[in-house]
Structure formats: structure tokens, C-alpha cells
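The basis for the numbers below is simple: all heavy atoms, side chains too, and nothing from hydrogens, waters or symmetry mates. Just so it is clear: chains get the letters A, B, ... in the order the sequence lines come, proteins before strands, and each one is counted from 1.
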Number of protein chains: 2
Amino acid sequence: MTDRSARRADQRTEAIKRAALDLAREAGYAKLSVEAVAARANVGKHTVYRRWPSRGLLFLDAVLSLSAEELSHPRTGDVVADLRAVMTKAVDLLGRPPWGPLYQALIGEAQHDPEVAAGLNRRFIEPQTADTRARLQDARERGEIASDADLDLAFDLLSGPLYYRLLITQKPITHEYIDRVLQAVLAGMGPGPQTR
Amino acid sequence: MTDRSARRADQRTEAIKRAALDLAREAGYAKLSVEAVAARANVGKHTVYRRWPSRGLLFLDAVLSLSAEELSHPRTGDVVADLRAVMTKAVDLLGRPPWGPLYQALIGEAQHDPEVAAGLNRRFIEPQTADTRARLQDARERGEIASDADLDLAFDLLSGPLYYRLLITQKPITHEYIDRVLQAVLAGMGPGPQTR
DNA sequence: ACCTTAACGGCACGATACGTGCCGTATTGA
DNA sequence: TCAATACGGCACGTATCGTGCCGTTAAGGT
């Protein structure tokens with residue numbers, strides 16, 4: 001039974017990721033060490049290094065495993081409502097405790113480790129971007145936003161301020177703030193003739 | 001002469017900051033250690049720790065000392081031109097080598113060390129924000145942008161996408177991209193009646 | 001010109017974490 | 001039943017941390 005052995009390996013993998021998340025939540029990512037994770041998971045250090053080449057990539061796996069699926073959302077046909085829903089969901093999950101500090105630390109680690117940065121982009125940022133971009137494209141085809149709107153730019157304008165608050169000023173990101181961003185960005189991309 | 005002793009202390013302080021920047025440029029911030037900095041600066045470790053409590057705050061000082069003054073800019077009276085000038089200057093300095101990777105690493109460190117985050121905000125982000133915000137306010141009073149425009153939001157909309165590119169997608173930030181951001185944001189805040 | 005004081009460079013220390021090697025055990029799959 | 005694989009535990013050498021001590025140098029008051 002290959003299933004049986006794979007299940008055992010998966011159990012260990014999950015235990016390690018769980019231990020890493022628990023420790024990061026308790027003491028902060030800065031205090032996270034492979035030794036501590038292995039001890040917490042009742043596992044030898046080899047068992048960790050056999051699965052991940054670095055602390056950063058382990059942490060990437062740990063954070064993504066628990067936030068990947070929880071960001072799905074329906075398409076109602078109303079762009080503004082859909083965008084508000086996805087932005088609110090993302091901010092509530094990744095911008096507040098308990099996940100906020102972990103996501104913040106993950107992006108911080110990505111600034112020091114190119115492999116973490118690449119993995120974060122490929123496995124999380126790009127899929128999420130593609131999803132939201134598809135919504136924007138639908139909206140453009142339906143005439144809810146201007147036919148000449150730059151969708152990639154629109155996405156950056158919507159996401160950028162949220163990340164700026166999370167990573168730089170660290171002010172709280174309220175639903176009201178999301179609404180203001182949405183309104184301002186779409187005001188410049190509404191249907192009809194552009195001002196310039 | 002207190003001047004003389006102060007000058008000697010300053011020389012050492014500068015030598016340490018210089019050594020830190022050199023090492024960070026050569027090997028990356030991840031490899032930067034207090035030991036290496038002290039050795040490079042021909043200084044004992046105490047002399048470093050007497051001045052800074054942590055590697056992060058030393059690095060903060062080192063990066064800010066060389067980028068603080070170089071971001072001044074004139075006010076011509078044309079908001080768009082002024083904003084384009086300051087954004088271009090900031091991006092050219094902090095978004096490209098040699099300073100780009102260092103600024104990126106500094107923000108990364110701020111995600112792990114609250115003291116670095118606080119110092120970065122107080123000493124760099126907030127002054128820069130205040131300056132740009134004042135320009136926006138001038139523009140609003142002159143009628144170049146809508147009288148009911150939210151200036152803080154406008155600043156976030158202008159800055160956010162640039163930081164998003166620097167820290168997350170790591171795509172190049174061209175002058176043409178800055179122009180597109182400016183145009184899109186101001187399109188939604190132009191003078192005249194608002195759409196909503 | 002002298003002398004107290006403070007800052008300094010050099011060295012060593014215990015502590016922590018790194019990544020790897022070895023050993024004996026347990027589980028797997030043929 | 002047996003060879004192979006993954007495992008937990010332990011130990012090792014290295015790197016860096018932050019601090020303590022020691023002898024030296026330079027500063028500033030008298």
C-alpha cells in the first residue's frame with residue numbers, strides 16, 4: 001500500500017506545518033527556528049530538512065496551506081459588489097490577527113529570500129490576481145467599466161493601497177477604507193467618455 | 001573641545017554605517033552581521049552596540065542617512081508635474097539598484113522588528129507623506145483637483161501601487177507606469193462634479 | 001604639563017541555531 | 001520473511017549573538 005506510507009508522510013508534513021504556525025503565532029516569526037519546530041512536532045531535524053530546504057519555504061507552505069482555499073467567492077454579476085466581497089474577505093483573513101502578522105512576516109521574509117518571493121508570487125499572488133483580473137474583464141465586457149480601462153493597472157490600484165497599509169503604515173484596514181478605495185478607483189474607470 | 005570628541009565619535013559612526021551599507025550591497029542584507037560590520041569598519045563590537053541596539057536599527061540609520069536629503073524637489077504650481085517629479089525621483093532612487101534592494105530589505109526587516117517599522121515610519125514615511133500631502137492640499141485649494149477629494153486616500157492610491165510592485169510582484173517600475181498611475185488616480189479626482 | 005575619565009580595540013566566553021553525519025529502530029512493500 | 005527506506009535521537013563543527021574583561025588611547029579639566 002503506497003497509500004499507507006503516503007498518508008504517514010503527510011501526517012508528519014502536516015504536523016510540522018502546524019507546529020511552525022503555532023510557534024510563529026506564539027513567539028513571532030523572528031523567533032522561529034527549525035530546531036524548535038522539529039521539537040514541537042516531535043520530529044527529527046532531518047525530517048524537516050528532507051521536506052523543505054529552508055525555514056522560509058517551510059513557513060510559506062505553512063501559511064499558504066491554510067489560506068489558499070478560504071478566499072473563494074461567487075460571481076454575482078455586479079462588479080463592485082464582487083470586488084468588495086473579495087477584497088473584504090482577503091483583508092479580514094490576511095490583514096488581521098491571527099493570520100495578519102503571519103502573512104506580514106511571510107512577505108517580510110520574501111524581501112530577504114528570492115525563493116520565498118518566487119513561491120509566494122507563483123502560488124498565491126498570481127492565482128489571486130488572475131481571478132480578480134477575470135472579474136474585471138467580465139465587467140469591462142459588460143460595460144460596467146470603461147472599454148479602454150487598463151485592467152492590470154486597475155488591479156494594482158485596488159491592491160496596492162491595502163498592502164501599503166499592511167506593510168508600511170500599519171494602519172487598520174477597515175471595510176470603510178476598502179469602499180473608499182473601490183469608489184475612487186472606479187470613479188476614474190467608470191463607463192462613458194474618459195476625461196483624458 | 002567637545003567638538004573634537006564629537007567629531008571623532010561621528011567619524012566612527014559614519015564608518016560603521018558605511019561598512020554596513022557596503023556589506024549589504026556586496027552580500028545582501030540577509031548575510032549582514034554585526035561582527036562583519038565591526039570587522040569591516042575596524043571597530044570593536046561594543047562600539048557598534050553602544051550606538052545601536054540591533055542590526056535592524058543600524059541598517060535603518062544607514063539607509064536613511066543616504067536617502068533622506070536626496071528626495072527634495074521644487075513646487076512649480078502644476079500638481080501633476082510636481083507629483084510626477086517626486087514619484088519619479090523616489091522610484092529612481094529607492095526602486096532600482098543600488099538602493100532598491102537595500103530599501104526593500106529595510107522594509108522586509110520592518111515586518112519582523114516593530115522598532116524598525118516605527119523608526120521607518122517616523123523618520124521617512126511620515127515626513128515624505130506630509131510633504132506630498134501638502135502638495136495635494138495646495139492643488140485642491142487651487143482647484144486642480146476636486147474640492148471634496150480625500151487627500152489621504154489619494155496619497156495611498158499613488159504610493160500603494162509602487163510599493164506593491166517593489167515588494168510583491170517585483171516587476172520593474174517604469175516612468176510610464178508612474179504616468180499611468182497618476183492619470184488613473186487623478187481621473188477620479190479631477191475638478192468638477194463627481195460621479196458619485 | 002598632569003591626571004582623571006571615558007571610549008576604544010582585541011579577545012574570550014556561554015548560548016543559540018545552523019546544517020550534516022551517524023546509529024539504532026520501526027514501518028513499509030516485495 | 002527480509003531488504004529498503006524513513007525515522008528519532010544524538011553529536012559535531014561553524015557562525016553569530018550579546019556581554020565581560022583588559023590594556024590602551026585620547027579628551028578635557030585643573
Side-chain angles (χ1 to χ4, degrees), chain A residues 1-62 105 108-109 112-116, chain B residues 1-62 105 108-109 112-116:
Chain A
M1 282 191 237
T2 304
D3 282 1
R4 193 163 185 82
S5 80
R7 206 170 303 143
R8 283 192 72 86
D10 281 356
Q11 280 176 1
R12 278 188 169 77
T13 301
E14 292 305 315
I16 294 168
K17 291 197 284 188
R18 170 77 55 139
L21 287 176
D22 288 347
L23 286 173
R25 291 240 282 119
E26 291 168 15
Y29 176 74
K31 302 275 183 183
L32 198 69
S33 69
V34 174
E35 302 223 357
V37 171
R40 171 71 80 104
N42 292 317
V43 145
K45 285 201 286 180
H46 280 300
T47 307
V48 177
Y49 283 113
R50 197 173 293 121
R51 287 164 168 76
W52 296 277
S54 70
R55 178 181 77 145
L57 289 174
L58 159 60
F59 190 61
L60 174 69
D61 247 23
E109 182 65 24
H112 303 314
D113 184 339
E115 295 201 53
V116 173
Chain B
M1 280 192 237
T2 305
D3 283 2
R4 193 161 183 84
S5 81
R7 206 170 304 143
R8 283 192 71 88
D10 282 356
Q11 281 176 1
R12 278 187 170 79
T13 301
E14 292 305 316
I16 294 168
K17 291 197 283 187
R18 169 77 56 142
L21 287 176
D22 288 348
L23 286 172
R25 291 242 283 119
E26 292 169 12
Y29 177 75
K31 302 275 184 184
L32 198 69
S33 70
V34 174
E35 303 224 356
V37 171
R40 171 71 78 106
N42 292 319
V43 145
K45 285 201 285 179
H46 280 298
T47 307
V48 177
Y49 282 114
R50 198 173 293 121
R51 286 164 168 77
W52 296 278
S54 69
R55 178 182 75 146
L57 288 174
L58 159 60
F59 190 60
L60 173 70
D61 248 23
E109 183 65 24
H112 303 314
D113 185 338
E115 295 202 54
V116 173

Pick the nucleotide of DNA chain D nearest each of Ala41(A) and Arg8(B); which residue has the one closer to the 5' end? Ala41(A)
Hey, does the side-chain of Lys45(A) have a donor or acceptor N/O within less than 3.5 Å of a partner on the base of dG19(C)? yes
Any side-chain heavy atom of [X] within less than 4.5 Å of one from [Y]?
X: Phe59(B); Y: Glu109(B); answer: no
X: Leu58(A); Y: Arg51(A); answer: no
X: Arg7(A); Y: Asp10(A); answer: no

Side-chain donor/acceptor of Arg55(A) to backbone N/O of Ser33(A), under 3.5 Å: no
Nearest whole Å is fine: how far is [N] [atom2] from [X] [atom1]?
X: Asn42(A); N: dA26(C); atom1: CG; atom2: C1'; result: 16 Å
X: Glu35(B); N: dG10(C); atom1: CD; atom2: C1'; result: 12 Å
X: Arg7(A); N: dA6(D); atom1: CZ; atom2: P; result: 18 Å
X: Tyr29(B); N: dT16(D); atom1: OH; atom2: C1'; result: 14 Å
X: Arg12(B); N: dT25(D); atom1: CZ; atom2: P; result: 13 Å
X: Leu23(B); N: dT16(D); atom1: CG; atom2: P; result: 11 Å
X: Arg40(A); N: dG8(D); atom1: CZ; atom2: C1'; result: 18 Å
X: Lys31(B); N: dT14(D); atom1: NZ; atom2: P; result: 17 Å

Does dT5(D) have OP1 or OP2 under 4.0 Å away from a side-chain N or O of Ser5(A)? no
For Ser33(A) and dT16(C), is the shortest distance between a side-chain N/O and OP1 or OP2 below 4.0 Å? no
Under the salt bridge (Lys or Arg N to Asp or Glu O under 4.0 Å) criterion, do Glu35(B) and Arg40(B) qualify, and how do the steps go? CA-CA 9 Å; Glu35(B) 303 224 356; Arg40(B) 171 71 78 106; over 6 Å; no
Distance-minimising heavy-atom pair for Ser54(B) and Asp113(B): OG-OD2, 4.0 Å
Would you mind telling me which of Val37(B), Ile16(B), Thr13(B) makes a side chain to side chain contact (heavy atoms under 4.5 Å, CB included) with Val43(B)? Ile16(B)
For DNA chain C, whose closest nucleotide is more 5', that of Val34(A) or that of His46(A)? Val34(A)
Please list residues of residues 49-62 of chain A whose heavy atoms come under 4.0 Å from any atom in DNA chain D, ordered by number; otherwise none. Arg50(A), Arg51(A)
